[in-house]
Amino acid sequence: MSTGVLGGGKGARSLPSRPGVRLAGTGTAVPATRLTNADLEAIMETSDEWITQRTGIRARHVHKVELGETTSGLAIAAARSALSNAGMEGSEVDLVVVATMTPDSPTPTVSCGVASAIRTGHAAALDLNGACSGFVYGLNVAHDLMRAGSYRAALVIGADRITRHLDYSTRGRATSVLFGDGAGAVVLRATDDASKGIIAQAMHSDGEGSRHLFIPYTREDFPPEEEFEEHKINRVQMNGAAVFKFAVGTFSVLIERTLSKAGLSPEQVDHYVCHQSNARILEAARERFGIPGEKMPMNIDRYGNTVAASVPLAFDEIRRTGRVREGQKVMFLAFGAGLTWGSSLWQL
Ligand code: ACO
């Protein structure tokens, strides 16, 4: 039996060999600056009508570094908000996982900055890059480390400022209108009640699809079939139609397989918290399984696609309305660059 000494953190005590894991708190942070479709109309050839009809997005938030809205700054703010929501001190946390594909720099990691800012002591800290699936991957990883008995309290954070990699001229419009910045966090706590935690999960990848969504640093990073152009360096390059097709298919298969692993039917899950990539992608999955709208929250109209932050932003929003309760089942789902996709079905 582990007492969590490997993870650091204060107040370690003995737990069962396979403890349960409880979702104890949530929090978010979004940049102050809001960019509406009308704002975009002023800087590129686009229209509110095109963006709303194709994606469901009306506004998104974009970071300003001078306001402290770095990836680390957003992650720390979301972490503090989640800790406060859980009624916990940072010193109780012994594991920090930050899912991000836009760290402020290659090193130090965002998670080290968070662990230090919230005064964990010497908690384990790791960054995980699963693109838009990163937060769901992070939840599964942190949960399983806790279920194994090695850690007692974890912060799992999704934080990205993807807008630093967008081209806000007309040539980048098919991609730049989709994304926004933000961070979302959850606090996980080990519990003696072993029934709480993940009841089914999935994590998958397909590197063959990497050419559909990539950010090149140099000419060498372009796939052979992609034309090199200087202005594409450091900017998101996406084949929207290919990603759309992948996402619609993946969501359905993920829901079906995760339900089947857990032996549940669609109506037995109380909330489906999905990556907010495009309202049409979510609607397609919702209709296929007959999931009512109130069980699949959508906030893409206000935030756009915030990459790893998208799932925890949506979860925090419904949790704070009081709709998420102990005893319910919640399925988290995401897909993203890589390509990657994953699910995490929880018994609360
Ligand atoms: N405003 C106005 N017109 C536009 C815009 C814009 N912002 N962007 C593209 N258009 C034009 C195109 O130039 C094209 O014009 P043309 O027919 O004269 O050439 C026309 O609109 C249609 O373009 P399509 O690309 O065919 O539009 P589509 O209906 O496929 O929608 C979209 C594009 C919204 C990008 C869609 O493909 C999509 O949502 N894909 C999935 C993207 C996604 O989810 N990515 C995130 C993955 S997660 C991650 O890990 C980062």
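Throughout, residue positions are numbered sequentially from 1 according to the sequence presented. Values below: all heavy atoms of this structure, side chains included; hydrogens, waters and symmetry mates excluded. Just follow the structure's listing: the first ligand is 1, and inside any ligand the first atom is 1.
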Q) Counting only heavy atoms, which portion of Met101 has something under 4.0 Å from ligand 1: side chain, backbone, both, or neither? A) neither

Under 4.0 Å from [atom], can you find at least one protein heavy atom?
| atom | result |
| --- | --- |
| atom 30 (O) of ligand 1 | no |
| atom 16 (P) of ligand 1 | no |
| atom 21 (O) of ligand 1 | yes |

Q.
When you compare ligand 1 with Gly240, is there at least one nitrogen or oxygen pair between them that comes in under 3.5 angstrom?
A. yes

(Q) Could you work out, for atom 36 (C) of ligand 1, the closest of Trp341, Phe244, Phe214, Phe246 by heavy-atom distance? (A) Phe244

Q | Closest approach of Ser176 to Leu166 (non-hydrogen atoms, all atoms of both residues) | A | O-CD1, 3.8 Å

Q. Checking Arg219 against Phe228: charged group under 6.0 Å from the ring centre and within 45 degrees of the axis?
A. yes

Q: Show which atoms of ligand 1 fall inside a sub-4.0 Å distance from at least one heavy-atom site of Val177.
A: 7 (N)

Q.
With heavy-atom distances below 4.0 Å as the criterion, list the atoms of ligand 1 near Thr55.
A. 34 (C)

**Q.** Option among Leu188, Asp94, Val21 that satisfies the side-chain contact (heavy atoms from CB on, under 4.5 Å) test with Tyr151
**A.** Asp94

Q | Side chain Asp270, main chain Lys329, donor-acceptor under 3.5 Å | A | yes

